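In what follows, chains carry the letters A, B, and so on, assigned in the order in which the sequence lines appear, proteins first and then strands, with residues in each chain numbered from 1. Predicted model only: the values in this text are computed from it and were never measured.
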Amino acid sequence: MNASKNSLFIFQSALILAVSLCLLFISNLTWAEALPVPKDRVILTIEGNINQHNVSNTAQFDLKTLEKLPMQTIKTTTRWTNGEQIFQGPSVRNLMQMVQPGGSQIKATALDGYSTPWMTIAELENYGVILAIKKNGNYLRIRDKGPIWMMYPMHSYPGLKTDLSTQYKLIWHLRSLQIR
Amino acid sequence: MNDPLIEPQTETHNTHKALSAPKLYWIWGMLFMLLLGLSIFIGSAWMILNYQQQAHQDTQSYKAYDHHVMLQAQLAMARLEYRLQLANLDPETVAEDKTRASLPQQVEITWSRFNDLISGQNAQRLLKIKGLKTFIRKILTELDLLESSLHDSEPDYEQHLLYLDQLKKEFAADYTNLPAQLLPIYKDENKALREVQSYYFKALILTSLLVFVLYGIVLFGIFNILKTRSQYTHERIEE
């Protein structure tokens with residue numbers, strides 16, 4: 001009697017464990033595929049070697065989707081603004097976690113056709129680069145170098161302020177990211 | 001006292017005394033001062049070269065950024081004119097496509113590019129050019145008008161094109177020699193560097209004078225020692 005009770009208990013436990021594992025797997029799968037389709041105007045397109053897509057082979061984002069990502073803040077001066085500015089936006093690291101890149105290099109292109117040189121994703125992640133969508137609490141308009149301005153934390157790395165190659169990467173009017 | 005054997009000994013003793021400690025210390029002191037003077041001289045010369053190089057680099061950097069913003073503004077304006085011409089022919093071309101911004105976006109981009117001339121670090125130099133700020137404000141106002149007119153049912157692209165063309169001609173007439181107008185401003189920007197440089201230049205002149213004087217004194221001292229020694233040797237030979 002006791003032996004049959006024990007075996008029933010083991011069977012029930014195994015069943016619960018299996019169901020839990022299945023649920024966990026399904027929820028993960030759902031999270032990974034949950035790159036939402038943009039409902040408003042697309043302001044950023046990520047294309048190339050990425051594993052998560054929402055519109056054909058690209059990952060497209062509207063302002064609301066970008067805002068749902070954890071906001072990072074960079075307080076710095078730039079060559080193109082007067083005085084210290086507060087930039088806010090999602091970090092490249094968080095964005096990359098969302099699109100799961102298959103490559104290690106990235107290139108940014110602006111609305112006016114300007115492109116940065118190819119950069120490593122690791123460099124942007126290590127520096128904590130953000131895609132700023134707000135400046136001093138206000139959304140960046142195109143005339144404020146928006147809708148997205150790639151920003152390095154130059155206050156933490158003062159050498160970057162005088163490094164010309166970094167200045168080339170502070171791309172404004174950002175429109176798309178290519179990954180290879 | 002008049003013993004001839006004692007007399008030369010006293011002379012020799014005097015000769016030794018002439019080369020004794022105080023005089024040698026004096027020579028060593030002078031040599032040390034000479035070395036100190038030389039090191040300050042070399043240090044000042046090196047600092048002058050260093051500051052010269054820094055001032056040159058700064059000027060090149062200012063030039064590069066200023067020319068960059070000016071070229072970008074002109075490029076944005078050329079693209080805007082092209083988009084306006086296209087929109088005038090076919091209003092369908094106003095929209096954004098995969099390779100280019102929409103007409104309203106291009107207006108904003110052009111606004112941003114011209115605003116770069118009067119804001120940020122470049123403005124510290126460019127605004128010193130007489131009349132440039134007023135002129136840029138005129139362009140920005142026209143771009144604001146153009147932007148608001150894009151919401152009209154039938155925008156008058158041609159009128160805006162004509163006015164932008166007129167502004168462009170004004171810009172070309174007044175600011176074609178902008179790089180030349182900027183040169184004295186770059187010099188002014190390097191004022192602090194040049195002040196430090198002039199300080200080191202004064203130090204260089206003073207130390208070079210000091211070095212020459214000390215060099216003369218040391219040479220004179222060495223000459224005196226050699227003279228005393230040769231006198232002493234001569235006396236010994238005579239003995």
Side-chain angles (χ1 to χ4, degrees), chain A residues 38 40-48 55-58 60 62 76-85 87 109-116 132 135-136 138-149 151 154 161-178, chain B residues 54 57-58 60-80 82-83 95-127 136 139-144 146-148 150:
Chain A
D40 295 332
R41 192 168 70 85
V42 172
I43 60 165
L44 178 70
T45 304
I46 303 180
E47 52 200 357
V55 179
S56 62
N57 285 328
T58 63
Q60 298 189 357
D62 54 14
T76 187
T77 54
T78 75
R79 187 171 277 278
W80 313 102
T81 48
N82 297 319
E84 199 169 55
Q85 311 286 326
F87 293 96
T109 305
L111 279 170
D112 61 354
Y114 173 80
S115 286
T116 62
K135 188 178 83 176
N136 302 326
N138 301 315
Y139 288 109
L140 285 165
R141 299 168 300 170
I142 293 178
R143 62 174 60 188
D144 304 320
K145 304 192 184 339
I148 301 172
W149 189 351
M151 190 55 60
M154 291 180 290
K161 279 187 184 173
T162 48
D163 177 36
L164 206 59
S165 64
T166 305
Q167 295 297 321
Y168 287 136
K169 295 172 197 167
L170 294 176
I171 182 170
W172 56 75
H173 304 319
L174 180 63
R175 171 192 183 136
S176 66
L177 294 169
Q178 258 184 296
Chain B
Q54 186 62 45
Q57 273 176 5
D58 284 355
Q60 291 303 316
S61 164
Y62 298 150
K63 259 189 194 175
Y65 279 111
D66 292 345
H67 287 205
H68 172 77
V69 289
M70 283 189 289
L71 284 173
Q72 289 293 318
Q74 284 170 345
L75 182 67
M77 180 59 91
R79 281 181 180 159
L80 176 63
Y82 174 66
R83 294 307 307 275
E96 181 181 8
D97 65 27
K98 199 171 161 52
T99 54
R100 66 183 177 199
S102 67
L103 180 57
Q105 284 175 340
Q106 187 57 48
V107 174
E108 290 274 283
I109 291 169
T110 313
W111 194 100
S112 151
R113 291 286 189 252
F114 275 93
N115 190 51
D116 281 344
L117 296 171
I118 55 167
S119 65
Q121 287 181 23
N122 297 80
Q124 290 167 10
R125 296 180 293 278
L126 293 171
L127 286 184
I136 301 296
I139 291 184
L140 296 182
T141 310
E142 166 56 16
L143 291 173
D144 284 335
L146 172 60
E147 192 191 19
S148 58
L150 291 176

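Neither the backbone nor the side chain of B:Val107 comes within less than 4.5 Å of any heavy atom in chain A. Of the two parts of A:Thr78, only the backbone, made up of N, CA, C and O, holds a non-hydrogen atom closer than 4.5 Å to a non-hydrogen atom of chain B. If you measure heavy-atom distances from B:Glu147 to chain A, the contacts under 4.5 Å come from the side chain alone.
Remark: A:Phe87 pairs with A:Trp149 by the ring-ring contact (aromatic ring centres under 6.0 Å, His included) rule, at least two apart or across chains. For B:Pro104, the side chain to side chain contact (heavy atoms under 4.5 Å, CB included) test picks out B:Val94, B:Ser102, B:Leu150, with sequence neighbours left out.
Using bins of under 30°, 30° to 60° and over 60° for the plane-to-plane angle, the ring pair A:Trp172/A:Trp80 lands in the perpendicular bin.
Highest contact tally toward chain B, considering only A:Thr77, A:Asn82, A:Asp144, is held by A:Asn82 [criterion: heavy-atom pairs under 4.5 Å].
Of the N and O atoms on the side chains of A:Thr58 and A:Gln60, at least one donor lies less than 3.5 Å from an acceptor on the other residue.
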